[in-house]
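Residue numbering restarts at 1 for every chain, and letters A, B, ... go by the order of the sequence lines. Keep in mind that what you see is a predicted model, and the values were worked out from it rather than measured. As a basis for the values below, the full set of heavy atoms in this structure was taken, side chains included, without hydrogen atoms, waters or symmetry mates.
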Amino acid sequence: MKQQSGAQYPFAAIEEKWRKVWQEKKLHEIDLDAARKKLYCLVMFPYPSGEKMHIGQWYNYGPTDTWARLKRMQGYDVFFPIGFDAFGLPAENYAIKHGIHPAVSTKANIDFFREQLRQIGGMFDSRAELITSDPLYYKWTQWIFLKLYHNGLAYRKEAPVNWCPKCNTVLANEQARDGRCERCDSLVTRKNLVQWFFKITVYADRLLEGHNRIDWPEKTITMQKNWIGRSEGSEIVFVEEKTGLPLPVFTTRADTLLGVTYLVMAPEHSLVDKITDTSRIAEVNDYRMKAQQATEIDRLSVVREKTGVFTGAYAINPINNERIPIWIADYVLATYGTGVVMAVPGHDQRDWEFSQKYGLPIRQVVKPRDGGSIDLSQGAYEEFGLLINSGEFDGLDSLTAIEKINAKLSEIGRGRKTISYRLRDWLISRQRYWGAPIPMVFCDNCGEVPVPESELPVLLPEINDFRPTETGESPLARSQSFLYTDCPRCKAKARRSTETMDTFVDSSWYFLRYLNPHLTDKPWDEKRVKKWLPVDFYVGGAEHAVMHLMYARFIVKCLYDMKLIDFDEPFIKLRHQGIITNNGAKISKSRGNVINPDRFIERYGSDTFRCYLMFMGSYSDGGDWDDSGINGVARFLGRIYRLFDKYGDNASRGMALSYKSITSSDNELKYCLNHTIAKVAADIESLDFNTAIAAMMEFLNVLYKRAETGDTGDLFDYALAQYVKLLAPLAPHLAEELWSRIGNSDSVFNCRWPEFYKEALILEMMTIAVQVNGKLRGTVKVARTISESELLRAAKANEHVSRYLENKVIIKEIVVPGKLVNIVVK
RNA sequence: GCCGGAAUGGCGGAAUUGGUAGACGCAAGGGACUUAAAAUCCCUCGGAUGACAACAUCCGUGCCGGUUCGAUUCCGGCUUCCGGCACCA
């Protein structure tokens, strides 16, 4: 018989049609106040820095929509909002490059993005859309700044900052990766500026504690822990001999205190001037100049020789009153610990290297616990051990010695146990135009004055020249009408703060705003926030592990402490999608290897493209982009379409049937139907989209086999109807079309995910593998109820097996119920 | 250097707590249909050896070793790749 090829799958018409219907019927608008089984599913919002969404963004939003749709069909009230992280450097750089004002280019780009998001067919609630560059939004970003300010969590100080000479802007440590600007790859230099900071360091321990209460990838939590870098140790106060100035050091090895042979200060340390001996001033200043200039180029070199100079000053060891020289060296960081290190060349490799170069003495104060010998001329001995040359502490184990020495220092008021962190305060000011202005005023009489809440928002001035200035001053200063204002307190002439806020401030609270982004008199709807937050499921790139994801947690903890919200962790469950590369290289505009999804949508349709992204491989691993397999997914959807084109009437009949009323001996189809229902749900839930689609393909193959053999009874009809529901989260447009064609007037997304019947998964006959000495020799098909002895007899009788048993002695017989038999012979 | 993760056919990738390795696809080859092409459908498809053939035997999940009746899975030691951190005292 001739095989009919059937109708072509008219995806373009179908997809456009249903997107319109969904919009008209407001299918994706949910009643936030009436919802009973809330599920807040959030995906990191895009920053519209280019004209179009790239493939990575599609990869973020398509599969996540599939997840959200499944949850909806499982009976949850799913809130799945999307918005635009529109402020910030990428958007501004795009505007500068194209000579368009960022307000204009951002709006145009958002329009493109919105259309593309619509093409995905995502169930985004359009009423919840927010744009962080909208005054209606950033008014409340400024409000949050003021809240932090009034609670002592925002402050200003002069600080050496990472400065990108090309972007003309300050960079956060997180943005100055490998000493290079995250955006433009220029080498970062240092510059002293007065900057605004948020006191995230105050929350270091709270941020660590919260890790125990969230379901996040282990890797992400580890990265945050490393970033916070909590380290327990001691603060020990040395005293400078001439001036009597205290010089506290931080160490984790108080047990080596008697092995200290000199101190080293960071070149930038503020006391260097005060202690340096007059005879050494020239040399010290010269070194400090060089250290400041010797920027990141040197820092990057892998094997960098340590350098330093002697200050001419001496310090006194608080335990034995020994007089030791004070040096400065740039291997000591000004920003960690106290900026002063007690050097123990015998037991710290860095100090050892320094001592070798400058001929400083080495003293052993720890010996191995096992009595073995060590050779300090080869390098430092950094292990814990037993103390020697340490007076009253001799013979103690390092761990005990740390306790005893801490106690003694405490007693004499010269030290204490303390904790040091790698985490620094969050530098939030940017000398850039495209951001939320910091709502502060500087008055000659009153000093630093916060803008009153009633005067928010401080509008971003509409200026023509929005490019950064070379002096480092913000371009906002170019606007006289913005810059000069009246002091809110004394009404005298005053100047506004001209910096804008880091965009990570904008994205640290947006999930609160989604629930009602149109509110004008408050930042969020408390009632809805109480009901909907925290976010149940958050999906986004792993590149945000230490920035966005930590800042958002910090801001939420601040708001919690101010009693403005009643939860202190914003994202209960977090998962990352993998990265799509192009020929193994990261996709970026600068590399010119951007993949535009549009041509695939045009050629294959949105459903096919979405399914292909999900089918390509593991979602959390990502992978290299290769379009050669997309045909297979297009064929798959085409086959579904044609099956229903031909057997639509059967599916319609199947709609009216209930599973329990069907009598059929087709156990294979029963199994397949029920197994697929369970598997697709479980796999989508755990983001294993690829295997969910594979299961749907297998199910389809089974259905086709039934169609070919004419075995199309009630069970087949019923299975067809269920198939549409299973398809719905994966290919929403096609499923909705088929659902309508088989006689439904309501959306498939308003029906419930089918139940599966466990009993169908238990097959009467099963195939058991038979091994001899662990090697597969054959299989036997037996009844499920077979006894162990009967199974063994059947296994041994199998012709492929029996010949391996001839003239052998059976030593052992292993039976794994339902799986296999292994016969061990000799 | 330190901390994670990974390595499976020509390719992307499957493989619930150790239990039939290679599901599902792609590509390729052969065939059907067609004037032809596209589309569609069917068959083969990890490697080696033997046979006309169905088939049989051996090898095979980065490398070496171990535990086990049995290892892609567990343990020890390497190699390579990816991600993160990198003078943090």
Side-chain angles (χ1 to χ4, degrees), chain A residues 1-8 177-178 217-220 222-223 225-227 229-231 233-234 249-253 256 264 299-300 302-304 306 329-333 335-344 347-351 353-354 420-423 542-543 545-546 578-579 581 584 612 615-618 620-633 635-636 638-639 642 679 682 688 690-698 700-701 704 708 767-779 800 811-825:
Chain A
M1 202 178 113
K2 193 187 151 198
Q3 187 71 44
Q4 285 184 355
S5 65
Q8 286 291 304
R177 307 209 154 211
D178 298 331
E218 200 55 48
K219 195 179 150 190
T220 307
T222 303
M223 276 168 69
K225 281 184 176 162
N226 291 340
W227 195 262
R230 186 182 200 272
S231 172
S234 323
V249 304
F250 174 78
T251 181
T252 54
R253 293 295 301 272
T256 62
V264 193
R299 289 231 156 155
L300 283 174
V302 184
V303 248
R304 183 169 176 239
K306 289 177 176 46
D330 67 0
Y331 78 90
V332 175
L333 306 175
T335 45
Y336 182 76
T338 62
V340 186
V341 167
M342 61 178 219
V344 187
H347 305 285
D348 181 286
Q349 188 59 25
R350 293 158 304 184
D351 297 338
E353 285 165 22
F354 193 77
S420 194
Y421 299 90
R422 184 184 175 281
L423 184 71
E543 69 273 19
V546 285
I579 294 168
T581 55
Y612 181 57
F615 186 62
M616 267 171 45
S618 160
S620 51
D621 291 351
D624 200 36
W625 174 252
D626 175 8
D627 60 21
S628 66
I630 196 168
N631 276 325
V633 174
R635 256 177 231 149
F636 164 59
R639 265 161 69 81
R642 288 191 301 276
K679 183 166 178 61
D688 295 314
N690 52 341
T691 48
I693 291 173
M696 288 297 282
M697 287 172 168
E698 284 180 82
L700 186 68
N701 290 341
Y704 259 100
E708 277 162 27
T767 306
I768 303 292
V770 184
Q771 297 181 336
V772 178
N773 287 345
K775 284 191 180 175
L776 182 73
R777 295 305 179 186
T779 57
H800 299 294
I811 299 169
K812 204 170 178 181
E813 289 165 337
I814 292 139
V815 177
V816 182
K819 295 258 172 162
L820 65 66
V821 169
N822 188 14
I823 301 162
V824 186
V825 299

Discussion item. Go nucleotide by nucleotide along RNA chain B from the 5' end; which of Ile768(A) and Gly632(A) gets its closest nucleotide reached first?
Written reply: Ile768(A)

Response to the item:
5'-most contact on RNA chain B (nearest-nucleotide basis), Met616(A) vs Thr252(A), goes to Met616(A)

In whole Å, I'd like the distance from the [atom1] atom of [X] to the [atom2] atom of [N].
| X | N | atom1 | atom2 | result |
| --- | --- | --- | --- | --- |
| Ile630(A) | G13(B) | CD1 | P | 16 Å |
| Glu353(A) | C87(B) | CD | P | 13 Å |
| Leu776(A) | A15(B) | CG | C1' | 15 Å |
| Asp330(A) | A89(B) | CG | C1' | 15 Å |
| Tyr336(A) | A86(B) | OH | P | 13 Å |
| Asp627(A) | G12(B) | CG | P | 15 Å |
| Met223(A) | C2(B) | CE | C1' | 15 Å |
| Lys819(A) | G18(B) | NZ | C1' | 11 Å |

Measuring only the [atom1] atom in each nucleotide, how far is [N] from [M]? A whole number of Å is fine.
| N | M | atom1 | result |
| --- | --- | --- | --- |
| G46(B) | A38(B) | C1' | 33 Å |
| C82(B) | A28(B) | C1' | 31 Å |
| C45(B) | G10(B) | C1' | 11 Å |
| C85(B) | G77(B) | C1' | 26 Å |
| C42(B) | C24(B) | P | 13 Å |
| A53(B) | C59(B) | C1' | 24 Å |

Any idea which of [options] is nearest the [X] side chain?
| X | options | value |
| --- | --- | --- |
| Ser628(A) | C26(B), A89(B), G70(B) | C26(B) |
| Glu708(A) | G84(B), C41(B), C11(B) | C41(B) |
| Tyr331(A) | A86(B), C87(B), G70(B) | C87(B) |
| Gln8(A) | U20(B), A39(B), G70(B) | A39(B) |
| Arg642(A) | A39(B), G25(B), U40(B) | U40(B) |
| Lys306(A) | C85(B), U20(B), C87(B) | C87(B) |
| Met697(A) | C24(B), C42(B), U20(B) | C24(B) |
| Thr251(A) | U20(B), A89(B), C85(B) | A89(B) |

Could you identify the nucleotide paired to [N], looking across every strand shown and requiring Watson-Crick or G-U wobble geometry with both distances under 3.5 Å?
| N | answer |
| --- | --- |
| U40(B) | A32(B) |
| C87(B) | none |
| A54(B) | none |
| U79(B) | A7(B) |
| G12(B) | C24(B) |
| C45(B) | none |

How would you label the contact of [X] with the nucleic acid (heavy atoms, under 4.0 Å): base, sugar-phosphate, or nothing?
| X | value |
| --- | --- |
| Val824(A) | sugar-phosphate |
| Gln771(A) | base |
| Thr767(A) | base |
| Arg777(A) | sugar-phosphate |
| Phe636(A) | nothing |
| Ser231(A) | sugar-phosphate |
| Asp624(A) | nothing |

Under 4.0 Å between a side-chain N or O of [X] and OP1 or OP2 of [N]?
| X | N | result |
| --- | --- | --- |
| Thr222(A) | G84(B) | no |
| Asn690(A) | A14(B) | yes |
| Arg639(A) | A39(B) | no |
| Lys219(A) | A6(B) | no |
| Asn631(A) | A27(B) | yes |
| His800(A) | A56(B) | yes |
| Arg635(A) | C26(B) | yes |

Nearest 0.5 Å, please: how far is [atom2] in [Y] from [atom1] in [X]?
| X | Y | atom1 | atom2 | value |
| --- | --- | --- | --- | --- |
| Ile814(A) | Gln771(A) | CD1 | CD | 8.5 Å |
| Thr251(A) | Met342(A) | OG1 | CE | 3.5 Å |
| Lys306(A) | Asp330(A) | NZ | CG | 9.5 Å |

Worksheet item: Below 4.5 Å, heavy atoms only, C-beta onward: do Met697(A) and Phe615(A) meet side chain to side chain?
Response: yes

Discussion item. Do Arg642(A) and Tyr704(A) make a side-chain contact, defined as non-hydrogen atoms from C-beta onward lying under 4.5 Å apart?
Written reply: yes

Worksheet item: Just by distance, with hydrogens left out, do Arg422(A) and Asn226(A) show a side-chain donor and acceptor under 3.5 Å apart?
Response: no

Worksheet, complete the sentence: Given the 90°-from-0 boundary between syn and anti, G60(B) should be labelled anti

Worksheet entry | Mutual orientation of the aromatic rings belonging to Phe354(A) and Tyr331(A) [parallel < 30°, tilted 30-60°, perpendicular > 60°] | tilted

